Amino acid sequence: MTGKSKPPPATDPAPAAPEKEPVPNTKEEPAPAPAAEDPLAPEHPPAPEQPPAPADEPVPTAEAAPASEEGSSAPPAEPQAPASEPEKPKAEPPSSPLALAVEEVSENSVTLTWRAPEQTGRPGLDGYVVETCKDGSTDWTAANQEPFLSTRYTIQGLSSGDKVHVRVKAVSASGVSVPATLEQPVLIREILQLPKIRMPRHLRQMYVRRVGDAVNIMIPFQGKPRPEVTWTKGGQPLDSSRVNIRTTDKDTVFFIREAQRQDSGTYELAVRINGAEDKATLDIRVIEPPGPPQNLKLVDVWGFNVALEWTPPADNGNSDIKGYTVQKSDKKSGKWFTALERCSRTSCTISDLIIGNSYSFRVFAENACGLSESAALAPAVAHIEKTKTSYQPEKIPQRDMMEPPKFTQPLPDRTTTRGYSTHLFCCVRGFPQPKIIWMKNQMEIREDPKYIAMTENGVCSLEIRKPSPFDGGIYTCKAVNPLGEASVDCRLDVKGMVNLHSHGQKVGEGTRKRRAKGPEVLVEAGTVTCS
């Protein structure tokens with residue numbers, strides 16, 4: 001066995017050494033190495049000639065252990081395989097915790113909150129470590145003995161009146177993160193009321209003012225003891241020559257005497273008490289009327305219509321353009337009249353112009369502040385010329401309208417009651433308008449007050465006033481014009497009445513009429529009528 005194990009040290013150590021040089025000492029290395037060095041040192045004289053001693057140590061250990069146990073060289077090669085796995089790059093430590101802030105401060109404690117780091121690494125977080133350091137010192141002390149996973153922690157046992165710096169680290173198996181540190185030290189004293197900004201509802205949106213107007217805004221807040229109030233714009237302190245700030249225990253006043261467009265922007269308000277703070281933003285926009293539109297031109301003129309085009313103004317007055325107002329002026333009067341308001345496009349068509357007149361056009365731009373002070377004037381003048389047109393009346397063919405009389409609605413037979421007026425109706429057509437003649441029993445009815453005959457729009461009617469049985473018979477309506485004549489007939493029956501003087505007597509089919517004194521009942525063909 002020893003004869004077979006000697007050749008490998010002469011050939012294998014040189015290539016094996018470079019592979020194992022970067023490998024740190026593992027658990028396999030310290031245990032077998034001391035036991036294998038003494039017996040193998042005299043048997044391998046070339047080993048001391050190797051300059052890197054650590055590279056030689058693993059070679060005899062891998063061979064000596066199996067030689068004493070089994071006497072074979074095959075098993076030792078297998079334990080060396082795991083030695084190449086630790087060559088993987090080390091996992092990076094987690095990133096810093098986020099949004100570290102003070103939630104509450106009391107006489108002897110501080111409560112902190114934060115968010116988990118963006119990168120926690122493959123192993124995952126073991127927890128967080130909170131450290132404190134007194135103001136003016138560089139000694140950081142851990143506030144917790146073991147890491148914890150909560151993102152909220154209360155540091156106890158602090159002295160009232162001290163200023164303490166606080167930081168939080170994220171800990172994992174791969175290392176410790178860069179600490180997240182509060183910007184300002186925390187003054188340990190009791191906060192009776194946390195800072196809170198009461199932003200008015202109308203200031204939560206864009207606050208718009210015109211150029212030259214005063215900006216006077218009061219924003220209330222709360223907090224005890226009196227909080228520290230700071231105003232910034234874009235992270236920089238405010239220009240005291242432009243903005244005046246007045247702060248009391250309960251509110252802060254933001255004042256600009258004459259606003260200018262450069263005063264537009266986002267202002268940040270911070271209310272802070274011993275590391276606890278509340279923030280709010282104020283968006284101010286100072287606007288003015290826009291400039292006039294550009295490149296106004298007359299595109300086309302046809303009939304009594306004109307087409308115009310233009311481009312938006314170069315200066316919108318720090319506000320979006322709402323529309324355009326187009327005005328026209330005729331050469332005769334020289335007065336300007338509004339032809340179109342709030343036009344949302346940069347082109348339009350003006351119609352209903354008077355033929356024979358010449359027109360000039362101008363366009364105003366409009367934003368939230370109003371119309372532009374000046375207008376864009378079209379360089380060209382539109383001439384609405386007269387066009388010669390010839391009217392040819394349509395030739396309507398002559399039509400013979402002559403027609404002999406013709407009844408479209410006949411006379412229906414009627415039955416009436418004596419003493420009740422009745423009407424007879426029929427309809428006739430003809431041109432020229434026919435003459436209407438009414439007859440009774442083939443005798444023409446002339447001027448008789450009992451009969452009233454009327455003709456209107458081809459409808460012929462005959463009223464018979466209070467007829468008697470003598471008025472019954474055959475009635476004829478005859479229409480006559482130069483082209484001919486036509487007639488229709490009908491029968492009129494007049495029923496008589498019967499007087500009944502018996503009190504409470506039944507008449508007809510179940511009909512009863514009673515009177516206290518002298519009842520009189522008229523009966524006609526099964527119908528009872530009282531008089």
Side-chain angles (χ1 to χ4, degrees), residues 202-215 217 233-234 236 239 242-243 256-267 281-387:
H202 70 280
L203 297 179
R204 297 175 188 174
Q205 300 177 352
M206 183 71 66
Y207 184 74
V208 181
R209 303 296 292 173
R210 295 191 179 189
V211 172
D213 290 351
V215 178
I217 298 172
K233 180 182 180 183
Q236 301 297 326
D239 184 3
R242 296 289 312 152
V243 183
I256 301 177
R257 187 175 299 276
E258 292 183 0
Q260 300 297 327
R261 288 179 62 172
Q262 60 266 24
D263 296 326
S264 302
T266 301
Y267 295 82
T281 58
L282 174 63
D283 294 328
I284 297 179
R285 179 180 294 179
V286 183
I287 63 174
E288 61 182 346
Q294 296 180 328
N295 305 323
L296 176 61
K297 59 182 178 180
L298 193 64
V299 178
D300 192 10
V301 179
W302 73 99
F304 46 81
N305 307 299
V306 171
L308 301 173
E309 284 185 358
W310 62 90
T311 57
D315 182 14
N316 64 355
N318 203 24
S319 179
D320 295 336
I321 300 298
K322 290 186 175 181
Y324 301 91
T325 298
V326 183
Q327 294 184 347
K328 63 181 180 180
S329 174
D330 62 284
K331 188 176 180 180
K332 294 181 180 180
S333 65
K335 296 181 180 180
W336 290 97
F337 299 93
T338 300
L340 190 62
E341 288 183 319
R342 293 288 180 91
C343 177
S344 59
R345 297 178 297 177
T346 56
S347 62
C348 69
T349 299
I350 307 299
S351 303
D352 299 331
L353 300 177
I354 299 176
I355 296 177
N357 285 2
S358 298
Y359 289 90
S360 299
F361 297 92
R362 66 182 183 184
V363 180
F364 292 87
E366 183 179 1
N367 65 0
C369 198
L371 294 177
S372 57
E373 296 180 356
S374 59
L377 183 64
V381 178
H383 301 282
I384 311 302
E385 299 180 355
K386 295 181 179 180
T387 56

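Quick caveat: nothing in here was measured; it's all calculated off a predicted structure. Heads up: numbering here begins at 1 and tracks the sequence.
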First locate atom [atom1] of [X], then atom [atom2] of [Y], and finally report the distance between them rounded to the nearest 0.5 Å.
X	Y	atom1	atom2	result
Y324	L296	OH	CG	11.5 Å
S329	F337	OG	CZ	7.5 Å
E258	I256	CD	CD1	11.0 Å
L282	T266	CG	OG1	8.5 Å
C369	N316	SG	CG	11.5 Å
Y267	K233	OH	NZ	3.5 Å

Counting C-beta onward and ignoring hydrogens, is there a side-chain heavy-atom pair between [X] and [Y] closer than 4.5 Å?
X	Y	result
T346	E309	no
R261	V211	yes
L353	N305	no
F361	V363	no
L371	T325	yes
P292	S374	yes
V299	L308	no
V306	L298	yes

Counting only heavy atoms not in [X] (residues, nucleotides, ligands), do more than 12 fall under 6.0 Å from its [atom1]?
X	atom1	value
E373	CD	no
F304	CZ	no
Q262	CD	yes

> Given the rule in the side-chain contact (heavy atoms from CB on, under 4.5 Å) test, do V326 and K328 qualify, once you have shown the distances and angles that lead to the verdict?
Replying inline: CA-CA 7 Å; V326 183; K328 63 181 180 180; over 6 Å; no
Quick one: closest heavy-atom pair of [X] and [Y], and the distance?
X	Y	answer
P290	A365	CG-O, 3.7 Å
F364	R362	CE1-NE, 3.6 Å
N367	S319	ND2-CB, 3.7 Å

>> Does anything in residues 291-304 form a side-chain hydrogen bond (donor to acceptor under 3.5 Å, both in side chains)? List the pairs, not counting sequence neighbours.
In response: N295-T311
> Quick one: which of D283, I284, V286 gives a side-chain contact (heavy atoms from CB on, under 4.5 Å) with S264?
Replying inline: V286
>> With side-chain contact (heavy atoms from CB on, under 4.5 Å) as the criterion, how do Y207 and V215 come out once you've worked through the C-alpha distance, each side chain's angles and the decisive distance to 0.1 Å?
In response: CA-CA 10 Å; Y207 184 74; V215 178; 3.9 Å; yes
> Hey, mind stepping through K331 and N357 against side chain to side chain donor-acceptor pair (under 3.5 Å) and telling me if it holds?
Replying inline: CA-CA 7 Å; K331 188 176 180 180; N357 285 2; over 6 Å; no
>> Determine whether W310 and C348 satisfy the following criterion, side-chain contact (heavy atoms from CB on, under 4.5 Å), listing intermediate values before the conclusion.
In response: CA-CA 9 Å; W310 62 90; C348 69; 3.8 Å; yes
>> Please determine whether side-chain contact (heavy atoms from CB on, under 4.5 Å) holds for the pair R210 and E288, giving the CA-CA distance in whole Å, both sets of side-chain angles, and the decisive distance to 0.1 Å.
In response: CA-CA 6 Å; R210 295 191 179 189; E288 61 182 346; over 6 Å; no
> In chain order, what residues pass the salt bridge (charged side-chain N to carboxylate O under 4.0 Å, His left out) check against D330, with sequence neighbours excluded?
Replying inline: none
> Looking only at atom types and distance, does a side-chain atom of D263 sit under 3.5 Å from a main-chain N or O of R242, one as donor and one as acceptor?
Replying inline: no
